[in-house]
Amino acid sequence: MNNWRNRSERGREEILTHLAASLGVPLDLALLNQALTHRSYAYEHGGLPHNERLEFLGDAVLGVLVTDTLYRTFPDLPEGQLAKLRAAVVNSRALADVARELDLGAYLLLGRGEDTTGGRDKPSILADAMEAVIGAIYLSGGIGVAGDLIQDRFGPLIEISAELGAGLDWKTSLQEAAASADLGLPEYLVSNTGPDHEKEFYAQVRLGAEVIGEGWGRSKKLAEQQAAEVAYAHLAKSDP
């Protein structure tokens, strides 16, 4: 599929039609194309429309629909637990995972630099593209159609997250698991890249000298939580 991005404009339309069909929802192909256009590509091609406005819209649509689903599905949960459930679903890692399931990376229009440095599998780029696609779906078919897609693609994650209960606070869960195994306290190392208004944070979590989890996010807190989630799964897998 990767060679599709090098075809003609007509070929691009065929690609988008294929993706729209796999999504199973009505979609304006021009909007879908914009949702998959990274700013690096837009700047290299004379300032084409890119996906950041659609990403902004899709983020809001996803947040409202996931919140509505949680509110109706779990009528007895307090606000704090609902917020943790939502954060487990509406985050960069979850969005990037769904984008990978849809193979969105193969459809992206990226600048040469991003393309050659692994941008098609970069979590932040995939997460942003997924939100932009949700925005395009909302504009094409309305809130009901966007809700159908979100239920289809994010519903299983909502169910899994609900079963985790207190495990949604991954840093606390990791600390408790490490203490139980007499492994000491986890240590977090966080760095960031990008301009002040668009920083991406990268976190590593270590036990002793070993890195056992990595995470990315738009805030230090999100990156640490994702790293802790990976580390917790690592400990659970290695526990006899």
TODO: Walk me through it: do Leu95 and Glu131 pass the test side-chain contact (heavy atoms from CB on, under 4.5 Å)?
DONE: CA-CA 8 Å; Leu95 284 158; Glu131 287 180 332; 3.4 Å; yes
- [ ] Please report the C-alpha distance between Leu36 and Val133 in whole Å, then the side-chain angles of each, then the deciding distance to 0.1 Å, and finally whether the side-chain contact (heavy atoms from CB on, under 4.5 Å) criterion is met.
- [x] CA-CA 7 Å; Leu36 297 167; Val133 168; 4.1 Å; yes
Task: Step-by-step side-chain contact (heavy atoms from CB on, under 4.5 Å) determination, Ile143 to Tyr138 - done: CA-CA 6 Å; Ile143 196 74; Tyr138 168 74; 4.0 Å; yes
- [ ] Begin from the C-alpha positions of Ile158 and Thr73 and carry the test side-chain contact (heavy atoms from CB on, under 4.5 Å) through to its verdict.
- [x] CA-CA 10 Å; Ile158 291 173; Thr73 305; 5.9 Å; no
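Checking side-chain atoms of Asp68 against main-chain N and O of Val64 turns up no donor-acceptor pair under 3.5 Å. His234 places no side-chain N or O within donor-acceptor distance of the main-chain N or O of Val230, the cut-off being under 3.5 Å. Looking at Gln34, its side chain does come within 3.5 Å of a backbone N or O of His50 through a donor-acceptor pair. Judged purely by atom type and a 3.5 angstrom limit, Thr37 has no side-chain atom pairing as donor or acceptor with the backbone of Leu109. Under the 3.5 Å distance criterion, the side-chain polar atoms of Ser22 are matched with a main-chain donor or acceptor of Leu19. Side chain of Asn51 to backbone of Ala35: a donor-acceptor contact under 3.5 angstrom is found. Side chain of Ser180 to backbone of Glu176: no donor-acceptor contact under 3.5 angstrom is found.
Here the CG-CG distance, from Leu82 to Leu77, works out to 5.0 Å after rounding to the nearest 0.5 Å. Taking CZ from Arg206 and CD from Glu214, the interatomic distance works out to 10.5 Å, rounded to the nearest 0.5 Å. Atoms CG and CG, on Leu32 and Leu16 in that order, are 5.0 Å from each other to the nearest 0.5 Å. Rounding to the nearest 0.5 Å places CD of Gln81 at 12.5 Å from CZ of Arg86. Here the CD atom belonging to Gln204 is positioned 11.5 Å from the CD atom belonging to Glu210, to the nearest 0.5 angstrom. To the nearest 0.5 Å, atoms OH (Tyr107) and CZ (Arg12) are separated by 9.5 Å.
In this structure, Val205 is not a member of the same hydrophobic cluster as Leu222, with clusters built from ILVMFWY side-chain heavy atoms closer than 4.5 Å. Cluster annotation: Trp216 is not connected to Leu174 through the hydrophobic network of ILVMFWY side chains, with a link wherever side-chain heavy atoms come within less than 4.5 Å. Neither Val190 nor Tyr202 shares a network with the other; the hydrophobic side chains, linked directly or stepwise wherever heavy atoms of I, L, V, M, F, W or Y lie under 4.5 Å apart, form separate groups for each.
The side-chain heavy atoms of Glu224 and Ser219, taken from C-beta on, include no pair separated by under 4.5 Å. The closest side-chain heavy-atom distance from Val98 to Phe154 is below 4.5 Å. Contact of the Val211 side chain with the Leu189 side chain is not registered, since no non-hydrogen atoms from C-beta on lie closer than 4.5 Å. A heavy-atom distance below 4.5 Å is not found between the side chains of Arg120 and Glu114. Side-chain contact between Asp128 and His38: absent, with no pair of heavy atoms (C-beta onward) separated by less than 4.5 Å. Residues Thr193 and Lys199 have side chains not in contact (no heavy-atom distance under 4.5 Å, counting atoms from C-beta outward). With a 4.5 Å cut-off on side-chain heavy atoms, Leu235 and Leu183 count as touching. At least one side-chain heavy atom of Leu27 sits less than 4.5 Å from a side-chain heavy atom of Leu23.
Under a 4.0 Å N-O distance rule, the pair Asp115/Arg112 does not qualify as a salt bridge. A salt bridge links Arg93 with Glu229; the closest basic N to acidic carboxylate O contact falls under 4.0 Å.
For Phe201, the CZ atom counts as densely surrounded, since its 6.0 Å shell holds more than 12 non-hydrogen atoms of other residues, nucleotides or ligands. In the displayed structure, Tyr71 atom OH is contacted under 6.0 Å by at most 12 heavy atoms of other residues, nucleotides or ligands.
For the pairing with Ile134, the side-chain contact (heavy atoms from CB on, under 4.5 Å) check across Leu139, Leu65, Leu62, Leu57 returns one residue only, Leu62.
For Ser92 against Ala127, the heavy-atom pair with the smallest separation is O-CB, 3.6 Å. Between Gly217 and Ala223, the closest heavy-atom pair is N-CB, 3.9 Å. Listed here is the closest heavy atom pair of Pro156 and Asp152: CD-O, 3.7 Å. Pairing each heavy atom of Gly184 with each of Ala178, the nearest pair is O-CB, 3.3 Å. Smallest separation of non-hydrogen atoms from Ala227 and Ala203: CB-O, 3.8 Å.
Cation-pi geometry between Lys171 and Tyr188 is met: the NZ or CZ atom falls under 6.0 Å from the ring centre, inside 45° of the normal.
Side chains of Glu200 and Ser124: a donor-acceptor N/O pair is present below 3.5 angstrom, by distance only.
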